[in-house]
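By convention in this document, chain letters (A, B, ...) are assigned in the order of the sequence lines, proteins followed by strands, and residues within each chain are numbered from 1. Since the structure is predicted, the reported quantities are computational estimates derived from the model, not experimental observations.
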Number of protein chains: 2
Amino acid sequence: MIRLVIAEDQAMVLGALATLLGFEPDLEVVGRATDGDAALALVRELRPDILLTDIEMPGMTGIDVARALASEGSSTRVVIVTTFARAGYLARARAADVRGYLLKDAPVEEVAGAVRAVAAGRRAIAPALAAMAWDAGADPLTDRERDALRLAEQGLSNKEIARRIGLSPGTVRNYLSEAAAKLGAGNRVGAGRVARLNGWL
Amino acid sequence: MIRLVIAEDQAMVLGALATLLGFEPDLEVVGRATDGDAALALVRELRPDILLTDIEMPGMTGIDVARALASEGSSTRVVIVTTFARAGYLARARAADVRGYLLKDAPVEEVAGAVRAVAAGRRAIAPALAAMAWDAGADPLTDRERDALRLAEQGLSNKEIARRIGLSPGTVRNYLSEAAAKLGAGNRVGAGRVARLNGWL
DNA sequence: CGCCGGAGGTGACACTTGTCACCCCGGCGA
DNA sequence: TCGCCGGGGTGACAAGTGTCACCTCCGGCG
């Protein structure tokens, strides 16, 4: 019997997934969470074989949870199920020792298959993802550039961004200009789009 | 027996929903679609009692489909299930004669309830949504402002936006400035954020 | 010790945006 | 007919942004 905790912020999807996976004879859903912090607590308490989690959730992301579990040597293996096919997410997931990465585009049956594969010590990466990761390359941004870009995305001016991250406005301009150049965009807005699309923000 | 077509672009969610609703004794899922155009074709062909649809899908949105059905006097009633609690979406849905509007945050059971209510001629609006629509007010943007904002969001310059929508760059500046003022933002980026958050884009 | 490299900063210049006042012109109702 | 919108446009100015060359500081490291 494979014991499973599921974390997913959309209650409807969580409920549906839990119910369907519960029908599988060899799977048992022992816990559910609707945010990252609850998921982490639940995994620590229940020590399931597998944590099946979304990435985008209130509080900790699924990747944050995976990283936390990895760093404390938890025996629970993590499978990520997410909406977004973004190369950067996959890269970060791999770094957090995530064993499975599926898209919500996939049929439900695939989830059960992936859970079994990962429980058996194998990996399960959606093929579309694997291909995309190949030709996407690594995140070219530095931490500072990422910070600046995240704020620029919200419409803040150089001056305001500078105040928030404790740099001078001129440096912020330089960073954003540099980021746009790296990402092949003409300005901060385009740079933000590209970075977000690739899962680099 | 209530006959149902479900449209939803995430195959996993579509499958889960269809399976679970199929278990309800009084509901029958007669068709599934993963994009708006397919959903419209399917509804025309099968004439179900209810179309349960997401908003954001490739091709036509769920609201577009609802509008098309309403304009051709279809007897199929539309229930929307979506991720986003955006007042503008709800307003447009109402204008398209949509009878139910739920969030994926809600538990699965609510969907069956809403489908039954709508099939019986009643309405079903998620309470959180109803409240939000109340204090959100109407979309303050003109069509031109919306067009310009949509392009500005992607990082295009005034000149490029002007070329695409056939106006002069100066006018585009005026529109974006006006839009930002209406939305209480300091610049086009902030204006884009606010508009998107409210479902006005 | 001296040098290097990277993080951060400055200043200058061109270009883009934001703001505002004002113009043109094709309806449309009085 | 007049007048008065309202959509679209112009021009000017201030502010913000993109680009680039060059500077400083500081922590390694040969």
Side-chain angles (χ1 to χ4, degrees), chain A residues 67 88 91-92 95 136-201, chain B residues 88 91-92 95 137-201:
Chain A
R67 200 168 11 235
R92 266 185 280 162
D139 180 351
L141 300 175
T142 66
D143 290 348
R144 296 320 223 150
E145 287 163 359
R146 226 188 322 281
D147 293 343
L149 212 44
R150 250 192 291 261
L151 294 172
E153 247 196 332
Q154 338 223 342
L156 301 193
S157 70
N158 289 324
K159 215 184 311 174
E160 287 165 324
I161 296 171
R163 209 169 40 72
R164 300 222 192 168
I165 60 182
L167 292 178
S168 91
T171 304
V172 170
R173 272 210 318 265
N174 287 340
Y175 282 159
L176 289 176
S177 172
E178 183 62 18
K182 284 178 180 175
L183 300 179
N187 58 40
R188 62 230 277 134
V189 182
R193 273 172 59 81
V194 173
R196 191 151 293 282
L197 242 46
N198 281 289
W200 292 330
L201 281 187
Chain B
R92 266 185 280 162
D139 180 351
L141 300 175
T142 67
D143 290 348
R144 296 319 225 151
E145 286 163 359
R146 227 189 320 283
D147 293 344
L149 212 43
R150 250 193 291 261
L151 294 172
E153 247 197 332
Q154 336 224 343
L156 302 193
S157 70
N158 289 324
K159 214 184 312 175
E160 286 165 324
I161 296 171
R163 208 169 41 73
R164 300 223 191 168
I165 61 184
L167 292 178
S168 91
T171 305
V172 170
R173 277 217 307 283
N174 288 340
Y175 282 158
L176 289 175
S177 173
E178 182 63 19
K182 283 178 181 176
L183 300 179
N187 58 40
R188 64 234 272 132
V189 181
R193 273 172 59 80
V194 173
R196 190 150 292 283
L197 242 47
N198 282 288
W200 293 329
L201 281 188

Check your understanding: Where the side chain of Y175(A) is concerned, which of dG8(C), dG9(D), dT17(D) is the nearest nucleotide?
Key ->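 Given the options dG8(C), dG9(D), dT17(D), the side chain of Y175(A) is closest to dG8(C).
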Please report, rounded to the nearest Å, how far the [atom2] atom of [N] is from the [atom1] atom of [X].
X	N	atom1	atom2	result
I165(B)	dG9(D)	CD1	C1'	13 Å
R144(A)	dG6(C)	CZ	C1'	13 Å
L156(B)	dT17(D)	CG	C1'	17 Å
I161(A)	dG16(D)	CD1	P	12 Å
K182(B)	dT19(C)	NZ	P	14 Å
L151(B)	dT16(C)	CG	C1'	17 Å

Review point. Looking at residues at least two apart in the chain, or sitting in another chain, which of them share a side chain to side chain contact (heavy atoms under 4.5 Å, CB included) with N174(A)?
Key: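 N174(A): no side chain to side chain contact (heavy atoms under 4.5 Å, CB included) contacts found.
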**Study point:** Results of side chain to side chain contact (heavy atoms under 4.5 Å, CB included) for A91(A) - residues two or more places apart only
**Key:**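 Listed in chain order: nothing, the list is empty.
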Practice item. Any salt bridge (Lys or Arg N to Asp or Glu O under 4.0 Å) involving residues 161-172 of chain B? Give me the pairs, sequence neighbours left out, ordered by first then second residue. Key: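 Found none.
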Practice item. Run through D147(B), L167(B), L176(B) and flag the one making a side-chain contact (heavy atoms from CB on, under 4.5 Å) with I161(B). Key: L176(B)
Could you list the residues that satisfy salt bridge (charged side-chain N to carboxylate O under 4.0 Å, His left out) with [X], not counting sequence neighbours?
X	answer
K159(B)	none
R92(A)	none
E153(A)	R196(A)

Exercise for review: Give DNA chain D the dot-bracket treatment, 5' to 3': Watson-Crick (N1-N3 with N6-O4 or O6-N4) or G-U (N1-O2, O6-N3) under 3.5 Å, [ ] crossing, | other strand.
Suggested key: ||||||||||||||||||||||||||||||
Check your understanding: Looking at S168(B), does any N or O in its side chain come under 4.0 Å of the phosphate oxygens OP1/OP2 on dT10(D)?
Key ->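 For dT10(D), OP1/OP2 do have a side-chain N/O of S168(B) under 4.0 Å.
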**Study point:** Side-chain touch R146(B)/L201(B), heavy atoms, less than 4.5 angstrom
**Key:** yes
Study note, to complete from the structure: Heavy-atom contacts, protein to nucleotides 18-26 of chain D, under 4.0 Å, summarised as B (base), S (sugar-phosphate only) or - (none) per nt, yield BBB------
Point to revise | Residue pairs passing the side-chain hydrogen bond (donor to acceptor under 3.5 Å, both in side chains) test where at least one lies in residues 184-194 of chain A, sequence neighbours excluded | key: N158(A)-R188(A)
Practice item. Would you classify T171(A) as touching base, sugar-phosphate or nothing, given that sugar-phosphate means primed atoms plus P, OP1 and OP2, and contacts are heavy atoms under 4.0 Å? Key: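 Base contact.
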